[in-house]
Amino acid sequence: MAHLNYNHLYYFWMVCKQGSITKGADKLCLTPQTVTGQIRALEQRLNGKLTKRNGRHVEPTELGQLVFQYADRMFGLSYEMLDIVNYSQQENVLFDVGVADALSKRLVSQVLLHAVPDDNAIHLRCFESTHEMLLEQLSQHKLDMILSDCPVDSTQQAGLFSVKLGECSMSLLSSHPDILADIPLATLLASQKLLIPSRATAMGRKLMQWFDQQGIVPNILGEFDDSALMKAFGISHQALFIAPSSYANEISSLGYAAPIANLETLKEEYYVIFAERMIQHPAVKRICEADYSHLFV
């Protein structure tokens, strides 16, 4: 049997992953003309058409889908091998974590502490972005794990798993709580300027649904992807903002702001998401097996 050029197969796999010749070529640091020529060579070797145009996108033909399924397993295993070799040979285990920017940094830091072994033999690298962008990076093997506010749909994201670590109730805070103490909650939310998580986040969507259910039209001053920026803005401005109740108590003890209402039905959820290849990673195991009962209240 004639030899199969695995570079050609890799180029085809990357184009299918990216959905276009141009994007695939960018990932490969090659010109679109070069990638197109390599895929044609693979088609000649396999004696069939592998891709077809669909508007501005490229998608696999029936033969292409079959080839892509095998290629996906092959290159997925190669990345898994590199990950295992990486964290088994290095003196300090490299651990790349993506953090959804909507999450409380205080709670995230407490979760990440469980990734650190007793001898501190770990090299932790943290990156912040949206849930969607982090999932894309995880699927491209650029991250080892994600901490996010929503789970992954394993039926839509094959090979990815999510574990719920816990949830915490939310509180409404103000840097000037004394002047708002006797005002009903519905009146507060309708009359006072409010800072909320972006509607692109799970908590932002939950909050807007809660407003609708309560018949409240909020007086929104700003929406934030980054929870830390929202809290910093709220502390320095006379606007209301929300935060996990456990964090609200800490803020209050420091004198920066104080909770004026507990939104008990609003829960911020914390999930760890990882690929199947990372199940045996020591840091992932420590995080998944840890007890968070003291953290999520």
Least distance between heavy atoms, [X] atom then [Y] atom:
{"X": "Asn219", "Y": "Ala190", "answer": "CB-O, 3.6 Å"}
{"X": "Ser174", "Y": "Ile260", "answer": "CB-CD1, 4.3 Å"}
{"X": "Met203", "Y": "Pro197", "answer": "CG-CG, 3.8 Å"}
{"X": "Ala115", "Y": "Ile122", "answer": "O-CD1, 3.3 Å"}
{"X": "Met208", "Y": "Ile220", "answer": "SD-CD1, 4.4 Å"}
{"X": "Lys231", "Y": "Pro244", "answer": "NZ-CD, 4.0 Å"}

Under 4.5 Å between any side-chain heavy atoms of [X] and [Y], yes or no?
{"X": "Trp210", "Y": "Leu263", "answer": "yes"}
{"X": "Glu167", "Y": "Phe296", "answer": "no"}
{"X": "Pro218", "Y": "Ile196", "answer": "no"}
{"X": "Asn120", "Y": "Val116", "answer": "yes"}
{"X": "Phe211", "Y": "Leu189", "answer": "yes"}
{"X": "Asp26", "Y": "Thr22", "answer": "yes"}
{"X": "Phe12", "Y": "Val35", "answer": "no"}
{"X": "Asn5", "Y": "Leu42", "answer": "no"}

| message | Can you confirm if the aromatic rings of Phe95 and His123 lie within a centre distance of less than 6.0 Å? | response | no
Just verifying a value: how many Å separate [X] [atom1] and [Y] [atom2], rounded to the nearest 0.5 Å?
{"X": "Phe241", "Y": "Ser171", "atom1": "CZ", "atom2": "OG", "answer": "10.5 Å"}
{"X": "Leu194", "Y": "Leu172", "atom1": "CG", "atom2": "CG", "answer": "6.5 Å"}
{"X": "Cys16", "Y": "Glu59", "atom1": "SG", "atom2": "CD", "answer": "9.5 Å"}
{"X": "Arg286", "Y": "His281", "atom1": "CZ", "atom2": "NE2", "answer": "8.5 Å"}
{"X": "Asp149", "Y": "His131", "atom1": "CG", "atom2": "NE2", "answer": "7.5 Å"}
{"X": "Tyr270", "Y": "Ser104", "atom1": "OH", "atom2": "OG", "answer": "4.5 Å"}

| What class does the angle between the rings of Phe233 and Phe224 fall in, given that below 30° is parallel, 30 to 60° is tilted and above 60° is perpendicular? | tilted
| request: Go through Asp96 and Lys142 one step at a time and tell me if the side chain to side chain contact (heavy atoms under 4.5 Å, CB included) criterion holds. | output: CA-CA 8 Å; Asp96 290 336; Lys142 294 179 179 179; over 6 Å; no
Whether [X] side chain and [Y] backbone form a donor-acceptor pair below 3.5 Å:
{"X": "Thr51", "Y": "Val58", "result": "no"}
{"X": "Gln18", "Y": "Lys23", "result": "no"}
{"X": "Thr36", "Y": "Pro32", "result": "yes"}

| query | Can you check side chain to side chain contact (heavy atoms under 4.5 Å, CB included) on Val152 and Ile146, steps first, answer last? | reply | CA-CA 10 Å; Val152 67; Ile146 295 173; over 6 Å; no
For [X], look at atom [atom1] and say whether over 12 heavy atoms of other residues, nucleotides or ligands are found less than 6.0 Å away.
{"X": "Asn47", "atom1": "CG", "answer": "no"}
{"X": "Arg205", "atom1": "CZ", "answer": "yes"}
{"X": "Lys17", "atom1": "NZ", "answer": "yes"}
{"X": "Glu289", "atom1": "CD", "answer": "yes"}

| query | What do the steps show when you test Ser20 against His57 for side chain to side chain donor-acceptor pair (under 3.5 Å), and what is the final call? | reply | CA-CA 5 Å; Ser20 79; His57 300 282; 6.0 Å; no
| query | Below 4.0 angstrom, N of the basic side chain to O of the carboxylate: do Asp226 and Lys105 qualify? | reply | yes
| query | Any salt bridge between Lys206 and Glu269, counting N to O under 4.0 Å? | reply | yes
Single-linkage hydrophobic cluster, 4.5 Å side-chain cutoff, [X] and [Y] together:
{"X": "Val67", "Y": "Tyr70", "value": "no"}
{"X": "Leu185", "Y": "Leu207", "value": "yes"}
{"X": "Ile287", "Y": "Leu113", "value": "no"}
{"X": "Leu195", "Y": "Ile242", "value": "yes"}
{"X": "Val15", "Y": "Phe68", "value": "yes"}

| task | Evaluate the criterion side chain to side chain contact (heavy atoms under 4.5 Å, CB included) for residue pair Leu9 and Tyr6; output intermediate values, then yes/no. | result | CA-CA 5 Å; Leu9 183 63; Tyr6 289 102; 4.1 Å; yes
| said: Once ring pair (Phe, Tyr, Trp, His ring centres under 6.0 Å) is applied, do any residues pair with His114, and if so which ones, sequence neighbours excluded? | reply: Tyr292
| message | I'd like to know whether Ser198 forms a side chain to side chain donor-acceptor pair (under 3.5 Å) with Thr201, so could you lay out the CA-CA distance, the side-chain angles of the two residues, the decisive distance to 0.1 Å, and finally the verdict. | response | CA-CA 6 Å; Ser198 166; Thr201 67; 5.4 Å; no
| task | Using the side chain to side chain donor-acceptor pair (under 3.5 Å) rule, take Lys267 and Ser169 through it: C-alpha gap first, then chi angles, then the decisive distance, then the call. | result | CA-CA 5 Å; Lys267 303 288 186 182; Ser169 62; 4.7 Å; no
| said: Evaluate Asp144 against Phe274 for side chain to side chain contact (heavy atoms under 4.5 Å, CB included), listing each step before the verdict. | reply: CA-CA 6 Å; Asp144 297 324; Phe274 51 89; over 6 Å; no
